[in-house]
Student: 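Please read through the structure below; I'll follow up with questions.
Count residues from 1 along the sequence. Side chains are part of it too, since the values below use all heavy atoms of this structure and drop only hydrogens, waters and symmetry mates.
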Amino acid sequence: MGKVLIIGAGGVGTVVAHKVAQNPEVFTEIMLASRTKSKCDAIAEAVGGGRIQTAQVDADSVPELVALMKSFQPELVINVALPYQDLTIMDACLECGVNYLDTANYEPVDEAKFEYKWQWAYKDKFEKAGLTAILGCGFDPGVTSIFTAYAAKHHFDEIQYLDIVDCNAGDHGKAFATNFNPEINIREVTQKGKYWENGQWVETEPHEIHKPLNYPNIGPKESYVIYHEELESLVKNFPTIKRARFWMTFGQEYLTHLRVIQNIGMASIEPIMYNGVEIVPIQFLKAVLPNPGDLGENYVGETSIGCRIRGLKDGKERTYYIYNNASHKAAYEETGTQAVSYTTGVPAMIGAMMFFKGLWRKAGVHNVEEFDPDPFMEQLNKQGLPWHELFDVNLEL
């Protein structure tokens, strides 16, 4: 049905490559490209069957991206590189007439800031080119936004309160490690918190608001309000929402390590001189921490991510909890990665499938909740991320 170019060969790129290869009726030709071709070659070999071609590309370079796209001529790019590279890849797509999908919004290298404004600014360009750009098609953002759209379509006349809850109850056996790119992960969880209430953003100190929440099959875990990018698009696309928050679990040991990293300046994104060489502390830290892609083998436990929603149906208040639990062990057995990579990579593949099937095609730049959630939800159950619903339960929030 279609030619797809995957850019990025980390943990998420590994999952995307495995899952697109599992669906040959949709993805007829596959290329995997990254800065380090040997990583792509190893993934292609693990997938097997000669299904995946590989290439080297610097995703910071529009000319390199354009040359690769003109050579391979994909219909769609799945961008699972770094968020810093979203705009260069979008520029190359526009130049080559290629459609676009990513899992995380653009952020500048020199500022830990999560906003869609840079990518939303491409709306007219993609519309004029007749190209589709699908933003935030991972799990959160991604599935959580689609869960919200599904709830709005089937179970609510008006969504009023939305709480996205993200629990990783896994254990990788390391003293300290991040579950995805350390630089992005640490920037995300150390910034100030922010949530939407009564038509405006409310800012909090990092980890200021927290409480234990019960997660299915896991039990109570201390959960912290942080800012997450999908809140920005969800309150825009569902204007009846009075309050929207994002909660994530952290263990005390993790938070202690995080505090130390911040206190000694290792979380800084400001360059410093060391022995006559300019280095960025957080990038140096990334180099010494465990590679998230290597955590899967000994990872036990599971993740639980979902939406707790309160609103109105037929004039009556209703509560609704929709979630997925994913096993680290099962993810490793299937793809050689842990569940955090798995839960991001599978939705990226499904979003691409929706595009190639003609179900999610709309010129312009769109967040995933702007499309029909039903066919996507159906594929979640088929592709390894089954979801569960609870009605009229205590949301604890």
Side-chain angles (χ1 to χ4, degrees), residues 1-59 65 68-69 71-81 89 98 101-103 137-139 142 170 172 179-181 290-300 302-303 326-357 379-386:
M1 188 179 287
K3 293 175 71 170
V4 64
L5 170 62
I6 306 162
I7 300 177
V12 178
T14 301
V15 176
V16 175
H18 275 83
K19 299 306 284 192
V20 295
Q22 288 174 17
N23 290 274
E25 74 288 353
V26 175
F27 304 100
T28 53
E29 287 187 64
I30 307 160
M31 177 172 278
L32 176 62
S34 81
R35 194 186 302 267
T36 310
K37 186 174 181 291
S38 59
K39 289 184 179 179
C40 302
D41 293 338
I43 294 167
E45 188 177 344
V47 170
R51 288 277 290 127
I52 298 177
Q53 303 173 55
T54 63
Q56 190 277 332
V57 72
D58 179 357
L65 290 162
L68 178 61
M69 289 182 198
S71 169
F72 181 60
Q73 296 188 325
E75 192 175 350
L76 175 74
V77 164
I78 300 177
N79 169 18
V80 283
I89 297 173
V98 178
L101 179 147
D102 68 27
T103 62
C137 197
F139 206 105
H172 46 55
N179 290 295
F180 53 95
N181 183 289
N291 177 4
D294 296 336
L295 296 175
E297 188 172 4
N298 300 307
Y299 224 135
V300 295
E302 59 188 343
T303 63
S327 158
H328 288 291
K329 184 172 183 289
Y332 182 76
E333 287 172 352
E334 183 183 346
T335 63
T337 67
Q338 30 84 350
V340 177
S341 296
Y342 190 85
T343 54
T344 307
V346 173
M349 180 280 292
I350 297 175
M353 176 187 282
M354 295 298 99
F355 171 81
F356 279 117
K357 287 187 171 184
Q379 285 297 325
L380 282 173
N381 286 326
K382 293 179 179 179
Q383 302 290 342
L385 292 176

Student: Whether the side chain of Thr343 engages the backbone of Val340 through a donor-acceptor N/O pair (distance < 3.5 Å, no angle test) should be reported.
Tutor: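 Pair found, side chain donor or acceptor close to backbone of Val340.
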Student: Could you measure the distance from the CD atom of Glu75 to the CZ atom of Phe356? Nearest 0.5 Å is fine.
Tutor: 5.0 Å
Student: Say you draw a straight line from CD of Gln53 to CG of Leu5; how long is it, rounded to the nearest 0.5 Å?
Tutor: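 So the CD of Gln53 and the CG of Leu5 are separated by 10.0 Å.
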Student: Please examine the side chains of Leu68 and Met31, heavy atoms only from C-beta on, and report whether any two atoms are closer than 4.5 Å.
Tutor: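 Of all side-chain heavy-atom pairs linking Leu68 with Met31, at least one is under 4.5 Å.
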Student: Do Ile7 and Leu65 touch side chain to side chain, with heavy atoms closer than 4.5 Å?
Tutor: yes
Student: Is there a donor-acceptor pair closer than 3.5 Å between any side-chain N or O of Lys19 and the backbone N or O of Gln383?
Tutor: yes
Student: Could you pull out the closest heavy-atom pair between Ala326 and Ala339, with the gap in Å?
Tutor: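 Smallest interatomic distance, heavy atoms only, reads O-CB, 3.9 Å.
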Student: How far apart are the closest heavy atoms of Asn23 and Arg51, and which atoms are they?
Tutor: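 Heavy-atom minimum between the residues: C-NH2, 4.4 Å.
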Student: Of all heavy-atom pairs between Ile6 and Ala17, which one has the smallest distance, and what is that distance?
Tutor: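 Heavy atoms only, the tightest pair is CD1-CA, 3.9 Å.
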Student: Testing the basics here: between Gln379 and Ile350, what is the closest heavy-atom pair and its distance to 0.1 Å?
Tutor: CB-CG2, 3.7 Å
Student: Side chains of Phe27 and Gln22, heavy atoms from C-beta outward: is any pair under 4.5 Å?
Tutor: no
Student: Do Thr344 and Val15 come within less than 4.5 Å of each other through their side chains, counting heavy atoms only?
Tutor: no
Student: Please check: side-chain N/O of Gln56 versus main-chain N/O of Arg35, any donor-acceptor pairing under 3.5 Å?
Tutor: yes
Student: For the residue pair Asp41 and Glu45, establish whether any side-chain heavy-atom pair is separated by less than 4.5 Å.
Tutor: no
Student: Report yes if the side chains of Leu385 and Phe139 come closer than 4.5 Å at any heavy-atom pair, otherwise no.
Tutor: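 Contact flag for Leu385/Phe139 side chains = yes.
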Student: With rounding to the nearest 0.5 Å, note down the distance linking CE in Met354 to CE in Met349.
Tutor: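 Result: 8.5 Å between the selected atoms.
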Student: Is the backbone N or O of Thr36 less than 3.5 Å from a side-chain atom of Ser34, with the two atoms forming a donor-acceptor pair by type?
Tutor: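 Here the side-chain-to-backbone pair exists.
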Student: Are Pro74 and Leu76 side-chain neighbours, meaning at least one heavy-atom pair lies under 4.5 Å?
Tutor: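 Sidechains of Leu76 and Pro74: no contact.
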Student: Give me the atom names and distance for the closest heavy-atom approach of Ala348 to Thr103.
Tutor: CB-CG2, 3.8 Å
Student: With no hydrogens and no angle check, is any side-chain donor or acceptor of His328 less than 3.5 Å from a backbone partner on Val300?
Tutor: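 Side chain of His328 to backbone of Val300, a donor-acceptor pair under 3.5 Å: no, none is there.
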Student: Has Thr28 got a side-chain atom pairing as donor or acceptor with Gly2's backbone, closer than 3.5 angstrom?
Tutor: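 Such a contact is found between Thr28 side chain and Gly2 backbone.
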Student: Could you pull out the closest heavy-atom pair between Tyr342 and Glu334, with the gap in Å?
Tutor: OH-OE1, 2.6 Å
